[in-house]
Amino acid sequence: MKALVSIITVNYNGLRDTCEMIDSFRSRETYPRYEIIVVDNGSRLPEAEEIQERYRDNPVPGGSLSGSPVSFPPVKVVRNINNGFAGGNNAGLKAAAGDYLFFINNDTLIKEPVLDALVRRIESDSPRNGGVSPMLKFAARPDTLQYAGFTPLSPVTLRNAAIGFMQQDSPRFRIPRETASLHGAAMMVSRRALQDAGTMSEVYFLFYEELDWSAQLRKAGYRLWYEPAAVVYHKEGMTARRGSPTREFYLSRARMLFARRNLRGIGKYLSCAYLCILAAPKKAAVYLLHGQVALAKATICGTCEGIYKNIRTA
């Protein structure tokens, strides 16, 4: 019997996207054993109730790939406060029964089955493989890659790159490889790895959660993979708009928190000094030169909160 996969997604004022994601799995996914858990992170409107009612009778728009009727278990809906990306996913874990946990953004969709390829990648060396992310493409530009693995974070500046980002899909990106980090938009983790590494830290609220969790998984001795046989399409940027003070605040805050939580010895102090003395002031100055006062303030405030935020309880 195939292992059960729990698909966990967080909804926050994103009913349309969430339903499109669910419908894409119900119409395209052929893996025989999976459940879908939607965590509503305190949406302004009663979206949790709407999702629960919409999928109570298991509607599948257009039917299955074969056109034959398919019966699905009801979508599980978890009502939660807005405690961020990690908090929402951790709330979903409490309702999950799967041997594998597939965390996926609500602003994604699939066009072909993905679960079997991801499960097979972990099970190809299950004692050592702890997690896997699929190939990610932009939904608006389906021939363009968003993610084909991550390079390691540099030790002081904490910079990395998404392999293949904004490049056309080609055979060189269709080779499975180990990756330094999973991608938060779509990542599968085995329950064994989860139990050994722990859940995602809720200290971040937004951004860097998957980088932090990937670091914890690797410290626990697990390998992380990029699997191009599975493809997820990402609409991108529905939670915090690019160029917004909210996004800049949480990004700046998250970089500092990551350095404090994951670096050791002199490397930690060098990285914190770089972020605080060089990177944040330089970025804020550039924003000020362009008259973007709110973004400059968000950069400095986020960095300062990252310095003083208590990380021992998260």
Side-chain angles (χ1 to χ4, degrees), residues 10 12 41 81-90 103 105 107 131 133 136 146-147 150-162 165 179-187 197-219 224 234 236-264 267-284 286-287 292 294-314:
V10 177
Y12 177 66
N41 255 15
I81 61 172
N82 185 13
N83 56 353
F85 176 81
N89 280 301
N90 289 341
F103 302 91
N105 278 17
D107 63 335
S133 279
L136 283 163
Q146 181 184 19
Y147 169 88
F150 274 131
T151 62
L153 286 164
S154 55
V156 174
T157 62
L158 297 182
R159 297 182 183 276
N160 72 337
F165 182 73
T179 178
S181 303
L182 302 176
H183 197 293
M187 53 184 177
T199 59
M200 279 183 268
S201 171
E202 297 182 19
V203 72
Y204 292 96
F205 192 80
L206 279 177
F207 305 117
Y208 273 68
E209 295 97 337
E210 73 271 28
L211 299 178
D212 185 284
W213 203 28
S214 293
Q216 305 312 311
L217 288 162
R218 295 177 73 86
K219 286 177 186 176
L224 308 176
H234 191 196
E236 176 69 18
M238 302 300 291
T239 303
R241 183 172 53 84
R242 288 185 178 275
S244 70
T246 297
R247 188 177 194 276
E248 194 57 59
F249 174 85
Y250 282 109
L251 269 176
S252 300
R253 177 180 181 271
R255 290 190 186 100
M256 184 63 73
L257 289 171
F258 184 91
R260 291 177 59 209
R261 279 178 51 84
N262 292 282
L263 302 183
R264 297 291 179 267
K268 176 191 286 189
Y269 295 105
L270 287 173
S271 184
C272 289
Y274 166 80
L275 294 171
C276 185
I277 299 172
L278 294 176
K282 178 182 176 181
K283 195 171 190 181
V286 171
Y287 282 138
Q292 297 172 306
L295 290 176
K297 181 179 178 181
T299 299
I300 298 301
C301 289
T303 301
C304 289
E305 181 161 321
I307 294 171
Y308 295 108
K309 175 74 174 177
N310 181 10
I311 60 173
R312 294 183 181 275
T313 57

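Owing to the predicted nature of the structure, the values given are computational and were not obtained by experimental measurement. Throughout, residue positions are numbered sequentially from 1 according to the sequence presented.
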Over 12 non-hydrogen atoms of neighbours within 6.0 angstrom of NZ in Lys268: yes
Take Leu211 and Asn262 through the test side chain to side chain contact (heavy atoms under 4.5 Å, CB included) and record every step on the way to the result. CA-CA 10 Å; Leu211 299 178; Asn262 292 282; over 6 Å; no
Between NZ of Lys283 and OG1 of Thr299, what distance do you get to the nearest 0.5 Å? 5.5 Å
Rounded to the nearest 0.5 Å, what separates atom CG in Leu224 from atom OG in Ser133? 8.5 Å
Determine whether Leu158 and Phe258 satisfy the following criterion, side chain to side chain contact (heavy atoms under 4.5 Å, CB included), listing intermediate values before the conclusion. CA-CA 9 Å; Leu158 297 182; Phe258 184 91; 4.0 Å; yes
Say you draw a straight line from CG of Asn90 to CD of Glu202; how long is it, rounded to the nearest 0.5 Å? 4.5 Å
For a quick test of reading the model, state the closest non-hydrogen atom pair linking Leu263 to Pro155 and the distance between them. CD1-O, 3.6 Å
Just to verify, what does Arg253 make a salt bridge (charged side-chain N to carboxylate O under 4.0 Å, His left out) with, not counting sequence neighbours? Glu305
Would you check if Leu257 and Tyr208 make a side-chain contact, meaning some heavy-atom pair closer than 4.5 Å? no
Working to the nearest 0.5 Å, report the span between CD of Gln216 and OG1 of Thr199. 10.5 Å
The ring-ring contact (aromatic ring centres under 6.0 Å, His included) partners of Tyr250 (sequence neighbours excluded) come to Phe205
Taking everything shown except Lys282 itself, do over 12 heavy atoms lie less than 6.0 Å from its NZ? no
Could you tell me whether a side-chain N or O of Asp107 sits under 3.5 Å from a main-chain N or O of His234, the two making a donor and an acceptor? no
Let me confirm one number: the OG1-CG distance from Thr246 to Leu295, rounded to the nearest 0.5 Å. 10.0 Å
Residue set satisfying side-chain hydrogen bond (donor to acceptor under 3.5 Å, both in side chains) with Gln292, at least two apart, ordered chain then number -> none
Show the nearest heavy-atom pair for residues Arg261 and Arg264, with the distance to one decimal. O-NH1, 3.1 Å
So, for Ala280 and Thr303, which heavy atoms are closest and what is the spacing to 0.1 Å? CB-OG1, 3.4 Å
Those residues at least two apart in sequence (or on a different chain) that pass side chain to side chain contact (heavy atoms under 4.5 Å, CB included) with Ala298 are Pro245, Glu248, Phe249
For Ser181, does its backbone N or O pair with a side-chain atom of Trp213 as donor and acceptor, under 3.5 Å? no
Side chain to side chain contact (heavy atoms under 4.5 Å, CB included) between Asp212 and Val203, worked out: CA-CA 10 Å; Asp212 185 284; Val203 72; 5.9 Å; no
Given the rule in the side chain to side chain contact (heavy atoms under 4.5 Å, CB included) test, do Arg247 and Phe207 qualify, once you have shown the distances and angles that lead to the verdict? CA-CA 9 Å; Arg247 188 177 194 276; Phe207 305 117; 3.6 Å; yes
Indicate the ring-plane relationship of His183 and Tyr147, choosing parallel, tilted or perpendicular according to the 30° and 60° boundaries. perpendicular
Taking only residues two or more places apart in sequence or in another chain, which ones pass side chain to side chain contact (heavy atoms under 4.5 Å, CB included) with Glu209? Phe85, Ala86, Met200, Tyr204
Which heavy atom in Leu136 sits nearest to a heavy atom in Ala186, and how many Å separate them? CD2-CB, 4.3 Å
Please set out all donor-acceptor pairs under 3.5 angstrom arising from side-chain atoms of residues 270-279, sequence neighbours excluded.
unit_1	atom_1	unit_2	atom_2	d
Ser271	OG	Val156	O	2.7
Tyr274	OH	Arg159	NH2	3.3

Just verifying a value: how many Å separate Met187 CE and Thr179 OG1, rounded to the nearest 0.5 Å? 12.5 Å
